[in-house]
Amino acid sequence: MEIIDPVDCPYYLITRTSLLITSVLKKGFTSANIDQVKPAYLGVLMSLWRHEDSKKTTNKISKNAELKINELARMVNLEPSSMTGLIDRMERDGLIIRQAFPGDRRAQHISLTENGHSVRESVMKVVDETLTNIFRNISEDSLKSAKEVLRNVLANNQEI
């Protein structure tokens, strides 16, 4: 069996890139004084923000747009067991609140706290700055192609 050079191994490259971006995001959140937000929270936060935006455009929003935890798990492509721990940490950090779903004690609604709303602009600024810096000198076409390849990998494995 031939040993693969790490720089030719897609797994190695994806993993190293992910670790790099996570590290830079952590530093960016700390520098912006939003260190209660962790890179692992981004999928949930972005999904909740997007859900609220979609509710606003259809004029169907109360103060908080709520999602059942299983709906949110599907949106961020996480297994329920992984989602539970993530939700626990996000609730501990004051970004979301969990509430019982009326009529089904087993189901829970997840909604943003006031803090979860208020960090949006700062979080997205750090994300935008980080990604702009990390992907500097990479053409839009190359980045578009890379995203398409990653989406196809996920779709091929029914993760999207």
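Computed from a predicted model, the values in this text were never measured in an experiment.
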*asked:* Test: salt bridge (charged side-chain N to carboxylate O under 4.0 Å, His left out). Region: residues 135-148. Which pairs qualify, not counting sequence neighbours?
replied: E148-R151

*asked:* Please say yes or no: joined through hydrophobic side-chain contacts below 4.5 Å, possibly via intermediate residues, are Y12 and L150 part of one cluster?
replied: no

*How would you list, by chain and number, every residue that makes a side chain to side chain donor-acceptor pair (under 3.5 Å) with S139, sequence neighbours excluded?*
S142

*Transitively linked via ILVMFWY side-chain contacts under 4.5 Å: L154 with L13?*
no

_I4 atom CD1, over 12 foreign heavy atoms within 6.0 Å_ = no

*Hey, does the side chain of E91 reach the backbone of R98 with a donor-acceptor pair shorter than 3.5 angstrom?*
yes

*Compute whether any side-chain donor of one residue and acceptor of the other, for E71 and H51, lie under 3.5 angstrom apart.*
no

*asked:* Using every non-hydrogen atom in the two residues, find where L78 and S82 come nearest and quote the distance to one decimal.
replied: CD2-CB, 4.3 Å

Side-chain atoms of residues 123-130: list all donor-acceptor pairs with protein atoms under 3.5 Å, sequence neighbours left out, distances to 0.1 Å.
residue : atom : partner : partner atom : Å
T130    : OG1  : V126    : O            : 2.7

_Exercise: identify the closest heavy-atom pair between L25 and P39_ = CB-CG, 3.8 Å

*asked:* Any heavy-atom pair between the side chains of L86 and R89 that's under 4.5 Å?
replied: yes

*Donor-acceptor under 3.5 Å (T113 side chain, I97 main chain)*: no

*Side-chain heavy atoms of I69 within contact of M83, under 4.5 Å*: yes

*Nearest heavy-atom pair of V76 and S47: which atoms, and what distance?*
CG1-OG, 3.4 Å

*Sub-3.5 Å donor-acceptor pair from the side chain of N157 to the main-chain atoms of V153, do we have one?*
yes

_Can you confirm whether the side chains of Y41 and D93 place a donor and an acceptor under 3.5 Å from each other?_
yes

_Do Q108 and Q99 make a side-chain contact, defined as non-hydrogen atoms from C-beta onward lying under 4.5 Å apart?_
no

*Under 3.5 Å, is there a donor-acceptor pair between the side chain of W49 and the main chain of V44?*
no

_Connecting only ILVMFWY residues whose side-chain heavy atoms lie within less than 4.5 Å of each other, what is the rest of L19's hydrophobic cluster?_
none

*Applying side chain to side chain donor-acceptor pair (under 3.5 Å), which residue pairs with at least one partner in residues 16-30 are found, sequence neighbours left out?*
none

*Just wondering, do N133 and V24 contact through their side chains at under 4.5 Å, heavy atoms?*
no

*Among all residues two or more places apart in sequence or in another chain, which pass the side chain to side chain contact (heavy atoms under 4.5 Å, CB included) test with T84?*
D88

*Going by heavy atoms in the side chains, are V119 and Q36 under 4.5 Å from each other?*
yes

*Mind checking whether S122 and F29 have side chains closer than 4.5 Å, heavy atoms only?*
no

*asked:* For H117 versus E52, what's the shortest heavy-atom pair and its separation?
replied: CE1-OE1, 2.8 Å

